[in-house]
Amino acid sequence: QVDVQESGGGSVQTGGSLRLSCSASGGQYSYNSWGWFRQSPGKEREVVAAAFVGDSSAYYAEDVKGRFTIAQDDDVRALELQMNGLKPEDTGLYYCAAGISQSPGTVPRTASEYQYWGHGTQVTVSS
């Protein structure tokens, strides 16, 4: 069993920045991918950014490219999401997730492909 925990959410104004942190403990061989998802009221949970564990490259959703950056520390199994230039539409509950890729070479990009989830941290961006 993998225990995933997020931290770092908060409230900022448009154009502000926040940094989210995620730690994954236990069962380190139970996943090879991890990422950040966002769920806004009335919307499905959607991927924001994801990467293979230990891989410096990452997948980003189109609407966050150039503004959000993920970084990972494999030694401590930590994943961070640096969010700059925040917009009101970035508001939502942000989840960290870990899982096993079912398609070799392709980072999982849908919520159903991730088996382990944190409880989420709220990000609110006001105009």
Side-chain angles (χ1 to χ4, degrees):
Q1 184 68 25
V2 179
D3 181 28
V4 178
Q5 295 190 359
E6 310 96 339
S7 62
S11 298
V12 295
Q13 293 187 328
T14 297
S17 297
L18 284 173
R19 190 176 187 89
L20 306 183
S21 297
C22 169
S23 64
S25 60
Q28 70 180 84
Y29 300 109
S30 300
Y31 63 99
N32 65 0
S33 308
W34 50 358
W36 290 95
F37 283 75
R38 173 176 64 204
Q39 188 161 21
S40 305
K43 294 186 177 181
E44 294 186 356
R45 196 172 296 186
E46 59 182 2
V47 68
V48 173
F52 285 114
V53 175
D55 193 339
S56 59
S57 62
Y59 167 83
Y60 293 93
E62 283 297 322
D63 63 336
V64 306
K65 281 184 180 178
R67 300 188 297 124
F68 292 11
T69 305
I70 62 171
Q72 48 185 315
D73 185 330
D74 300 333
D75 289 341
V76 296
R77 288 276 158 160
L79 182 70
E80 295 191 335
L81 181 67
Q82 177 66 42
M83 303 185 293
N84 299 325
L86 282 162
K87 306 175 182 179
E89 50 265 43
D90 294 320
T91 294
L93 194 58
Y94 282 68
Y95 296 90
C96 181
I100 292 285
S101 173
Q102 299 300 319
S103 301
T106 302
V107 175
R109 303 173 185 181
T110 62
S112 61
E113 296 176 275
Y114 287 83
Q115 294 79 44
Y116 308 104
W117 291 85
H119 295 294
T121 184
Q122 179 67 36
V123 171
T124 302
V125 186
S126 58
S127 58

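Atom set for the values below is all heavy atoms of this structure, side chains included, hydrogens, waters and symmetry mates excluded.
- Between the NZ atom of Lys87 and the OG atom of Ser126 there is a distance of 15.5 Å, given to the nearest 0.5 Å.
- Listed here is the closest heavy atom pair of Val4 and Cys96: CG1-O, 3.5 Å.
- In the hydrophobic clustering of ILVMFWY residues, with side-chain heavy atoms under 4.5 Å counting as a link, Leu81 and Leu86 come out together.
- Grouping the Ile, Leu, Val, Met, Phe, Trp and Tyr side chains by contacts below 4.5 angstrom, directly or via other members, places Val2 with Val53.
- Taking all atoms of both residues into account, the shortest heavy-atom contact from Trp36 to Cys22 is CZ2-CB, 3.5 Å.
- Between Ala50 and Pro108, the shortest heavy-atom contact is CB-O, 3.7 Å.
- Annotation for Val123 and Asp90: closest pair CG1-O, 4.3 Å, computed over non-hydrogen atoms.
- Looking at Thr91, its side chain does come within 3.5 Å of a backbone N or O of Val125 through a donor-acceptor pair.
- In this structure, Ser33 OG and Arg109 CZ are separated by 11.0 Å, a value rounded to the nearest 0.5 Å.
- Interatomic distance, Glu6 CD to Leu93 CG, rounded to the nearest 0.5 Å: 8.0 Å.
- Within the model, atoms CG of Asn84 and CZ of Arg19 stand 9.0 Å from one another, a figure rounded to the nearest 0.5 Å.
- Cluster membership for Val47 and Tyr31, using ILVMFWY side-chain heavy atoms within less than 4.5 angstrom, is not shared.
- Under the side-chain contact (heavy atoms from CB on, under 4.5 Å) criterion, Thr106 pairs with Ser103, sequence neighbours left out.
- The closest side-chain heavy-atom distance from Pro88 to Thr14 is below 4.5 Å.
- Using modelled atom types, no side-chain atom of Arg38 and backbone atom of Val48 make a donor-acceptor pair closer than 3.5 Å.
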Audit row: Ser25, Arg77, side chain to side chain contact (heavy atoms under 4.5 Å, CB included) steps and yes/no
CA-CA 7 Å; Ser25 60; Arg77 288 276 158 160; over 6 Å; no

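- Panel note: side chain Gln72, backbone Phe52; a donor-acceptor pair is recorded below 3.5 Å.
- Within the model, atoms CD of Gln115 and CD1 of Ile100 stand 6.5 Å from one another, a figure rounded to the nearest 0.5 Å.
- Annotation: the span from Ser7 atom OG to His119 atom NE2 amounts to 13.0 Å, rounded to 0.5 Å.
- Residues Leu20 and Trp34 share a single hydrophobic cluster, defined by chaining ILVMFWY side chains whose heavy atoms lie under 4.5 Å apart.
- Residues Tyr116 and Leu79 fall within the same hydrophobic cluster, defined by Ile, Leu, Val, Met, Phe, Trp and Tyr side chains chained together at heavy-atom separations under 4.5 Å.
- In plain terms, the two heavy atoms of Gln122 and Gly92 that are nearest each other are NE2-O, 3.4 Å.
- The minimum heavy-atom distance between Ile70 and Ala49, with the atom names listed, is CG2-CB, 3.5 Å.
- Between Tyr114 and Trp117, the ring planes are perpendicular. Angles over 60° get that label, and only those under 30° would be called parallel.
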